[in-house]
Structure formats: C-alpha cells, structure tokens
Amino acid sequence: MSRGKRRNVSPAVEPDEEREPSSPAQQPAASVTELRQDLEHFTFLQSIIHKGFMPESEARDIYRQLTDSDDDDGYQDFVANINEPLTFLFLKLKRTIYHLDNEWYIALVNELPDELSQGASTLKIPQRAYFQTLIEAIATNDNSDDGKPWIRSVDAVNINLTQPSSYTQTTLTGVPASQPESSSQAASTRLSHAEKEETLKQLVSEGWLAKTPERAGCYSIGVRTFLELGQYLTDLDLPENTRNIWQKFL
C-alpha cells in the first residue's frame, strides 16, 4: 500500500478578539490647547495684516483679549512662537520704536532683501516712483540734527521725477538703467499736482509717510517705511548723523 503524502495543516488561528474603539483621549489628535493657540496666533496675525502695522500697545491689547490674560507678561513669547514657523516663508513680525513719537510698533514684514516694490504695494507704478523720490529726498536731506529729516509739502508736490534712479528705472518701468527711457515710459511715471497731493494723503494714511511733529505742512518718513524698508533706507547716501541715529532701531 502506498503511503499518501502528509498534508501540512496550518495551526488554527484564533480570530482577533473584538476591540472596543479607543476613546477620543487616546486617539492621536491635536489637543484643545494646541488648537486654541493656533487660532490665537492666526487671529493676531490677521489683525496686523489687516491694518498693515499697528502700535504695539494695541497689539498687546489684542493679545490679552485672545489669551484671556490680565497682563501681557507672556506677550514676547507669544510673538516669538508666531515667528518660528514664519521663518520658512521669510516673514517676520518685526517690532521697532518710531523716533518721531517714541512709541513701539509692529508689522509683518518680508525678510528677503528689501525692494521698494515690496512696500506700498497698493500704489500704482507712477505713485511708487513718486514714493521713492520722496523717500530719497527726505532721507538724504541734512536739515535735521536729530535724525528726523523732513520735506515741505510745497516741495513734495513740486518734486521732479524726470531723473529716475537705476532702481526706479529697472524695477518700476522694466527698462534696464543702461537703456534710455522712451517718452511713453517717462510719461508713465508722471503725476499731476492733484495726483501727488492725493498720493501724499494715501502715504500718510498707510504709514509710509508721517506729518512732521511741530512742523506744519511738512512730511517725514513714516514708521511703516522703517519697519518694511529698513535695508533700502540704510543703502541710501544718508547724512552721517542721520545714519548713526537710524542704525539704532533699523
């Protein structure tokens, strides 16, 4: 009688016992505290972005409201925690003291090398050219010993834009500085007196310029320009005294 082949029989496997679903506390999910912190950070950022910049006293009030705090002892850590993930986007909540009123301000700024086109983005091309001309005229003026140069409103309105710098010509008009600007491109950077006056109002309302304290009818550089265009300012041919003062807070 032939012996049949032995059939390998796998051992019986007991079915897994039914497990009860894990409770929400056991499931891997963000904690309520983390979600609340994320919401606080987002709301704080949105408040600053909406205004463009704000006095830090106002930012501290928002912090206290969001965190239900009686004081702002944790404010600096709060801002630092927001800034940590922003570094990957080359963004930062930047603080500075504004020397015209000695108040602290805060804004969300681009950490990449400053370009004037990144600032005053609500302006049209001819207004940006005008803005740059004003900033250069004010910053390089040696009419102040306390780091607060200014320009009279009549001079601001009559300022000449017919000689654009290499930055204006390349960045704002798209024509390399080595190439002559056509008449149509030159005309595109011109503004009427009325348009300049309206642009001045807009620059003041958005914080790029400021009315000079104790000098009626004069304009100074606004806190938002110091916050967002610090590198651009320091690259200008500043009077020595102005540079020494500005470098303390830029």
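- Within a 6.0 Å sphere centred on CZ of Arg243, heavy atoms belonging to other residues, nucleotides or ligands number more than 12.
- A donor-acceptor pair under 3.5 Å links the side-chain atoms of Glu34 to the main chain of Ser31, judged by distance alone.
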Evaluation steps, ring pair (Phe, Tyr, Trp, His ring centres under 6.0 Å), between Trp208 and Phe131: CA-CA 9 Å; Trp208 303 107; Phe131 172 50; 5.8 Å; yes
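- The structure places CD of Glu111 at 9.5 Å from OG1 of Thr87, a figure rounded to the nearest 0.5 Å.
- No donor-acceptor pair closer than 3.5 Å links the side chain of Thr43 to the backbone N or O of Glu40.
- Side-chain contact between Gln202 and Leu123 is present, with heavy atoms from C-beta onward closer than 4.5 Å.
- Note that CG of Leu39 and CD of Gln46 are 11.0 Å apart. Values are rounded to the nearest 0.5 Å.
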Take Val223 and Glu103, measure what side chain to side chain contact (heavy atoms under 4.5 Å, CB included) needs, and give me the verdict at the end. CA-CA 10 Å; Val223 63; Glu103 297 290 337; over 6 Å; no
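- His99 places no side-chain N or O within donor-acceptor distance of the main-chain N or O of Trp246, the cut-off being under 3.5 Å.
- In this structure, the side chain of Thr212 does not engage the main chain of Arg215 through any donor-acceptor pair within 3.5 Å.
- Atom CG of Asp77 and atom CD1 of Ile82 lie 11.5 Å apart (nearest 0.5 Å).
- No donor-acceptor pair under 3.5 Å is formed between the side chain of Thr140 and the backbone N or O of Leu238.
- The environment of Asp70 atom CG is sparse: at most 12 non-hydrogen atoms of other residues, nucleotides or ligands sit within 6.0 angstrom.
- Closest heavy-atom contact between Glu197 and Val157: CG-CG2, 3.9 Å.
- The environment of Asn158 atom CG is dense: over 12 non-hydrogen atoms of other residues, nucleotides or ligands sit within 6.0 angstrom.
- Taking all atoms of both residues into account, the shortest heavy-atom contact from Ser153 to Tyr219 is CB-CE1, 3.6 Å.
- Under the side chain to side chain contact (heavy atoms under 4.5 Å, CB included) test applied with Thr199, the options Leu134, Leu191, Leu209 reduce to a single match, Leu191.
- For the pair Arg224 (side chain) and Glu206 (backbone), a donor-acceptor distance under 3.5 Å is present.
- Contact check on Asp68 versus Arg36 returns a salt bridge, with a Lys/Arg side-chain nitrogen under 4.0 Å from an Asp/Glu carboxylate oxygen.
- Between Leu229 and Ile135 there is no side-chain heavy-atom pair separated by less than 4.5 Å.
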Verdict with supporting geometry, Ile48 and Ile106, side chain to side chain contact (heavy atoms under 4.5 Å, CB included): CA-CA 8 Å; Ile48 294 178; Ile106 187 170; 4.0 Å; yes
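- Under the 4.5 Å side-chain heavy-atom criterion for Ile, Leu, Val, Met, Phe, Trp and Tyr, Ile62 and Tyr75 are members of the same hydrophobic cluster.
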Validation: residues 90-98 side-chain donor-acceptor distances under 3.5 Å, sequence neighbours left out:
{"from": "Lys94", "atom 1": "NZ", "to": "Leu227", "atom 2": "O", "distance (Å)": "3.4"}
{"from": "Arg95", "atom 1": "NE", "to": "Glu56", "atom 2": "OE1", "distance (Å)": "3.1"}
{"from": "Arg95", "atom 1": "NE", "to": "Glu56", "atom 2": "OE2", "distance (Å)": "2.5"}
{"from": "Arg95", "atom 1": "NH2", "to": "Glu56", "atom 2": "OE1", "distance (Å)": "3.0"}
{"from": "Thr96", "atom 1": "OG1", "to": "Phe249", "atom 2": "O", "distance (Å)": "3.1"}
{"from": "Tyr98", "atom 1": "OH", "to": "Ile221", "atom 2": "O", "distance (Å)": "2.6"}

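- For Gln65 and Asp61, the side-chain atoms include no donor-acceptor pair closer than 3.5 Å.
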Test log, rule side chain to side chain contact (heavy atoms under 4.5 Å, CB included), inputs Asn81 and His41: CA-CA 8 Å; Asn81 289 335; His41 292 172; 3.9 Å; yes
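- When only modelled atom types and interatomic distance are considered, Gln76 and Tyr63 share no side-chain donor-acceptor pair under 3.5 Å.
- Judged purely by atom type and a 3.5 angstrom limit, Asn143 has no side-chain atom pairing as donor or acceptor with the backbone of Pro149.
- Trp150 and Ser220 make their closest contact through CB-OG, 3.8 Å (heavy atoms, listed as atom of the first residue, atom of the second, distance).
- Proximity of Ile159 to Tyr130: side-chain heavy atoms (C-beta onward) are separated by under 4.5 Å at one or more points.
- Judged by distance alone, the side chain of Glu195 and the main-chain N or O of Ser192 form a donor-acceptor pair under 3.5 Å.
- Residue Asp145 qualifies as open at atom CG: its count of foreign heavy atoms under 6.0 Å is 12 or below.
- The shortest heavy-atom contact between Gly147 and Ile245 is N-CD1, 3.4 Å.
- Note that NZ of Lys196 and OG1 of Thr133 are 8.5 Å apart. Values are rounded to the nearest 0.5 Å.
- Of all the heavy atoms in Arg190 and Pro126, the pair that sits closest is O-CB, 4.1 Å.
- The main-chain N or O of Asp72 is never found under 3.5 Å from a side-chain atom of Ser69 such that the two would form a donor-acceptor pair.
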Apply ring pair (Phe, Tyr, Trp, His ring centres under 6.0 Å) to Phe78 and Phe44, showing your working. CA-CA 10 Å; Phe78 182 80; Phe44 186 83; 5.2 Å; yes
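- Criterion: ILVMFWY side-chain heavy atoms under 4.5 Å apart, direct or through other members. Under it, Val204 and Ile138 are part of a common hydrophobic cluster.
- In this structure, Leu203 and Thr225 have side chains that are not in contact, with every pair of non-hydrogen atoms separated by 4.5 Å or more.
- The number of heavy atoms from other shown groups lying within 6.0 Å of NE2 (His50) does not exceed 12.
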Criterion side chain to side chain contact (heavy atoms under 4.5 Å, CB included) on Leu86 and Leu108, from CA distance to verdict: CA-CA 10 Å; Leu86 292 179; Leu108 181 67; 3.9 Å; yes
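- Atom OG1 in Thr242 sits 8.0 Å away from atom CG in Asp142 (nearest 0.5 Å).
- Side-chain contact check for Gln231 versus Leu250: every heavy-atom pair is 4.5 Å or farther apart.
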